[in-house]
Structures are given as structure tokens and as C-alpha cells.
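Input: a single structure, listed below in C-alpha cells.
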There are 2 protein chains.
Amino acid sequence: MKKAEATRMTILQKAFELIYVKGYQATSVDDIIATTQVTKGAFYYHFKTKDEMGIAIINEILKPTLTNSFIQPLQNEQNPLDGIYNLMYDLLMKNEFLKVEYGCPASNFTQEMTPWNADFNKVLNELTQQWTEVMTATIEKGKKNGFIRKDVNAKQVTMFIMSGYWGIRNFGKLENSKKVYLSYLKQLKNYLNSLK
Amino acid sequence: MKKAEATRMTILQKAFELIYVKGYQATSVDDIIATTQVTKGAFYYHFKTKDEMGIAIINEILKPTLTNSFIQPLQNEQNPLDGIYNLMYDLLMKNEFLKVEYGCPASNFTQEMTPWNADFNKVLNELTQQWTEVMTATIEKGKKNGFIRKDVNAKQVTMFIMSGYWGIRNFGKLENSKKVYLSYLKQLKNYLNSLK
DNA sequence: TTGCAAAAGTACCAAACAGTATCTTTATGA
DNA sequence: TCATAAAGATACTGTTTGGTACTTTTGCAA
């Protein structure tokens with residue numbers, strides 16, 4: 001039961017990489033088995049359909065990864081405004097798992113799958129929910145600790161920041177340059193300061 | 001020479017609608033000719049390839065439409081901050097051409113095509129450039145007229161606002177509700193006020 | 001009216017697609 | 001060690017894909 005689990009993870013890992021680069025629909029099962037060196041029999045032993053694998057990627061690759069890169073950094077810092085800024089800075093400028101030319105995996109999945117696939121919509125919603133809740137909680141904590149004005153609406157601010165993040169990731173794809181990230185970060189800092 | 005131009009436009013119009021809903025790659029040429037009632041011979045008489053049609057959609061449908069909905073409203077208003085806010089409000093809440101569940105066509109195209117298709121990248125860049133330049137110019141004018149602080153970086157602000165717009169369009173797809181738009185608009189107003 | 005190119009219609013192709021049927025190998029628990 | 005189920009390999013299927021070859025109809029200038 002050890003090797004089987006390994007091949008399953010290989011499929012998810014490699015398939016994720018292909019999908020991150022080319023998109024879900026443009027990545028065929030044949031592509032995946034070609035780059036993983038896993039045969040079709042093995043693939044369809046582990047996953048009933050391509051979509052089941054897609055859902056598994058979100059649940060087993062994206063969710064844990066996001067938990068590490070998004071949620072933990074936020075919970076560590078005491079000043080939530082610094083925490084949010086540093087998180088964004090690290091995500092955009094330092095993270096080597098995410099490439100500027102390929103955007104944000106969660107955002108890509110959302111844009112591609114959401115309007116016509118209810119299963120994907122559901123898990124992507126859970127994924128986003130997770131992130132939203134933690135950032136909202138961070139802001140609320142900041143209000144109590146005096147770092148943020150009391151009249152600030154935490155949910156609204158969270159949506160605003162996350163939107164900017166998804167959007168600038170898309171602009172990064174278009175320009176294929178991290179320059180646009182710097183513009184976003186500068187203005188994010190201004191915006192965050194206005195919440196003090 | 002009149003009827004031919006009409007069928008060409010029918011193809012572009014209907015194909016755009018399909019692509020806006022399903023995405024470019026998920027929309028097949030057979031889909032397009034089925035819904036347009038145009039035969040394959042006619043389709044490939046007007047367009048050498050599917051991609052040539054895709055580029056034509058951006059140039060002949062998206063560009064003129066965006067010129068009307070984005071650029072003109074900005075140039076009319078005298079206070080640029082009001083102009084930008086009203087523009088965003090109209091785009092998100094009133095525009096009946098854009099549907100919350102399908103996001104922003106330009107953003108969708110960018111996310112889907114940009115990393116691996118240089119031709120699409122080029123025209124999408126031009127499209128975005130057009131919008132960026134006008135908004136930047138609006139802000140610069142606002143600085144001269146005293147509506148906006150002199151130390152504000154117009155390009156940065158433009159990128160920040162556009163990112164938020166693209167991002168919130170994506171969140172709208174995910175939640176399938178205009179509620180998230182209201183959060184964005186509220187915080188956009190706060191942000192814009194911080195530029196005074 | 002007729003000649004001829006523009007425009008549209010029809011039938012087909014090879015490649016790629018997701019998925020299946022069937023067989024063989026590998027691992028593991030009794 | 002050996003029976004059995006888990007895991008993987010191979011070859012195939014029916015369908016859809018973008019595109020082509022060829023034919024037919026339409027519109028317009030002379």
C-alpha cells in the first residue's frame with residue numbers, strides 16, 4: 001500500500017504542474033501519463049475520471065499548500081497590517097512555487113471551471129473560504145489590539161485585498177514581468193495604512 | 001459585399017458569446033457553426049483558423065466595446081475619483097452585457113491564452129494598454145486640477161484599481177453573486193478617498 | 001444575359017480526446 | 001509459500017477536434 005500511494009501522488013503532482021502551465025482542459029490525460037511515465041491502466045485505477053483527479057488536485061495539493069503559504073504566516077505576525085503586506089510580498093516576489101507567467105493556480109481554476117462545473121465550484125469555494133476566514137479573523141484581531149480602526153469592515157477589506165491579489169496575478173501573466181507586482185504592493189501598503 | 005460582412009459579424013458575435021460562457025478552448029468550431037447556422041465552408045472562408053477568429057473577436061468585438069464602456073465614461077467626468085468609481089459601479093452593477101457568473105471577457109481571455117499563445121498575448125496587451133493609458137491620463141489630469149494629491153503615482157494606482165476589478169470579477173464567478181461586488185466598491189471608495 | 005469571382009454547402013480526414021476491456025505483474029496477509 | 005487482491009500494462013473504442021477538398025449557389029459588373 002506504499003508504492004501505490006506514491007504513484008497516486010506522482011500523478012497529482014505532475015498533473016498539477018501541467019495544468020498550472022497549460023490549463024485544465026488543455027491538459028489531456030495522455031499528456032499526464034506521458035510525463036508521469038504512468039500507464040493508462042494505472043491512472044484509471046487511481047481515478048475514476050479526469051475530473052475526479054482534478055478535484056483531488058485541489059483538495060490534496062492546493063489546499064495543503066495554501067494552508068502553509070497563506071494561513072500560517074498570517075497567524076504568526078502580531079501586527080495584522082504588516083502580516084498581510086509581508087504575506088503578499090512573499091507570495092508575489094519570493095515564492096518560487098508560483099511563476100509570474102502562469103498566475104495563481106486557484107484563480108486559474110476558478111476562472112476556467114467555475115461557470116460550468118458544480119463539483120469544481122464547490123471545492124474551490126471551500127479553498128477560498130479557508131483563506132477568507134483566516135484573513136478576516138486576522139483583521140478582527142487587529143481591531144481589538146488597536147492596530148486597525150474599529151469601523152473597518154473586515155470581510156470587505158479581505159475581499160478587496162484578495163481581489164487585488166488575483167487580479168495582479170492575471171496582469172503578471174499578461175506582462176510576463178514582476179514589475180506590475182511592485183505597483184500592486186506599493187498601493188496595497190497605502191491602502192493598508194488607510195485602515196490604521 | 002454586404003451579406004458576407006453580415007455573416008462574418010454573426011460568427012464573431014455568436015462565437016464571442018459562446019466563448020464568454022464556456023471559454024475559448026472549450027468552444028469548438030462545430031459549436032460555433034451549429035449555433036450560428038453558418039456552414040463550415042462559410043466559416044473557413046471568413047477565417048483561416050480558429051485562432052484567427054479568436055484574435056478577430058478581441059480586435060473587432062472586445063476593443064470597440066471596451067472603448068465605449070470604459071474609456072468614454074472616464075473622459076466625460078471632471079472629478080476623476082468620481083469618474084473612476086462611477087465607471088466601476090456601472091460596469092459591475094448595471095452593465096447587462098457582462099454577467100456575474102461569466103466574469104470579465106478580457107480577464108478570461110488573458111488567463112486562458114496568455115502563457116502559451118503569443119498572438120493572443122499581443123492583442124490582449126494592446127487592449128489592456130488602451131484602458132491603462134486612459135485611466136492614467138485621467139488621474140494625471142486630476143492631479144493638475146487639484147482633485148488628487150500630487151505625490152500619487154498614476155500608473156501604480158491604475159494597476160491597483162484594474163487588478164481589483166479583474167479579481168472581483170473572478171470572485172463573482174466563484175460566488176455567482178453580485179454581493180462581492182458591493183464589498184469591492186465600498187473599499188474602492190475608501191481607497192480612492194485616500195488619494196485626495 | 002451571361003461570365004466569374006465571392007460566398008456558402010457538403011463530405012470527409014487524421015489526430016487527439018476521455019474512457020474501457022482485458023490481460024499481466026506485484027505485493028501482502030494467512 | 002501461495003492464493004488473492006491490488007496495481008499496472010496494453011490495446012482498443014467511439015466521439016470530437018480543427019481543418020481540407022471539392023462542389024454548388026449567389027451576387028454583381030460588363
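Residue numbers begin at 1 in each chain, while the letters A, B, ... track the order of the sequences. Side chains included, hydrogens not; waters and symmetry mates left out as well; all remaining heavy atoms used.
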Protein-nucleotide distance (B/D30, atom CG; D/dT20, atom C1'), rounded to Å: 13 Å
Whole-Å distance separating the CD1 atom of B/I11 from the C1' atom of C/dA7: 11 Å
Residues that A/K94 engages under salt bridge (Lys or Arg N to Asp or Glu O under 4.0 Å), provided they are two or more places apart: A/D90
Residues forming a salt bridge (Lys or Arg N to Asp or Glu O under 4.0 Å) with A/K63, sequence neighbours excluded: A/E126
B/N121-B/N125 side chain donor-acceptor pair, cut-off 3.5 Å: yes
Length of the line joining A/E5:CD and D/dG8:P, which is rounded to integer Å: 10 Å
DNA chain C contacts among residues 31-45 of chain B, heavy-atom distance under 4.0 Å: B/T39, B/K40, B/G41, B/A42, B/Y45
A/E133: partners by side chain to side chain contact (heavy atoms under 4.5 Å, CB included), with sequence neighbours left out: A/Q129
For DNA chain D, the residues among residues 46-56 of chain B that have a non-hydrogen atom under 4.0 Å from it: B/T49, B/K50
With A/D30 via salt bridge (Lys or Arg N to Asp or Glu O under 4.0 Å) - residues at least two apart: A/K40
Pairs involving residues 15-28 of chain A, ordered by first then second residue, that meet salt bridge (Lys or Arg N to Asp or Glu O under 4.0 Å) (sequence neighbours left out): A/K22-A/D31
A/T132 and A/T158 side chains, donor-acceptor separation under 3.5 Å: no
All side chain to side chain donor-acceptor pair (under 3.5 Å) counterparts of A/T36, not counting sequence neighbours: none
Options C/dA8, C/dC17, D/dG8, nucleotide nearest the side-chain atoms of A/S28: C/dC17
Proximity to DNA chain D (any heavy atom under 4.0 Å), residues of residues 12-23 of chain B only: none
What donor-acceptor contacts under 3.5 angstrom involve side-chain atoms of residues 95-106 of chain A, with partners at least two apart or in another chain?
| from | atom 1 | to | atom 2 | distance (Å) |
| --- | --- | --- | --- | --- |
| A/N95 | OD1 | A/F97 | N | 2.7 |
| A/N95 | OD1 | A/L98 | N | 3.1 |
| A/K99 | NZ | A/E96 | O | 2.9 |

Let me check something: any side-chain donor-acceptor pairs from residues 187-196 of chain B under 3.5 Å, sequence neighbours excluded? List them with distances.
| from | atom 1 | to | atom 2 | distance (Å) |
| --- | --- | --- | --- | --- |
| B/Q187 | OE1 | A/Y191 | OH | 2.6 |
| B/Q187 | OE1 | B/N190 | ND2 | 3.4 |
| B/Q187 | NE2 | A/Q156 | OE1 | 2.7 |
| B/Y191 | OH | A/Q187 | OE1 | 2.6 |
| B/N193 | OD1 | B/K196 | NZ | 3.2 |
| B/N193 | ND2 | B/K189 | O | 3.4 |
| B/S194 | OG | B/Y191 | O | 2.6 |

Residues forming a salt bridge (Lys or Arg N to Asp or Glu O under 4.0 Å) with A/K143, sequence neighbours excluded: A/E140
Length of the CD-P vector between A/Q25 and D/dG18, whole Å: 12 Å
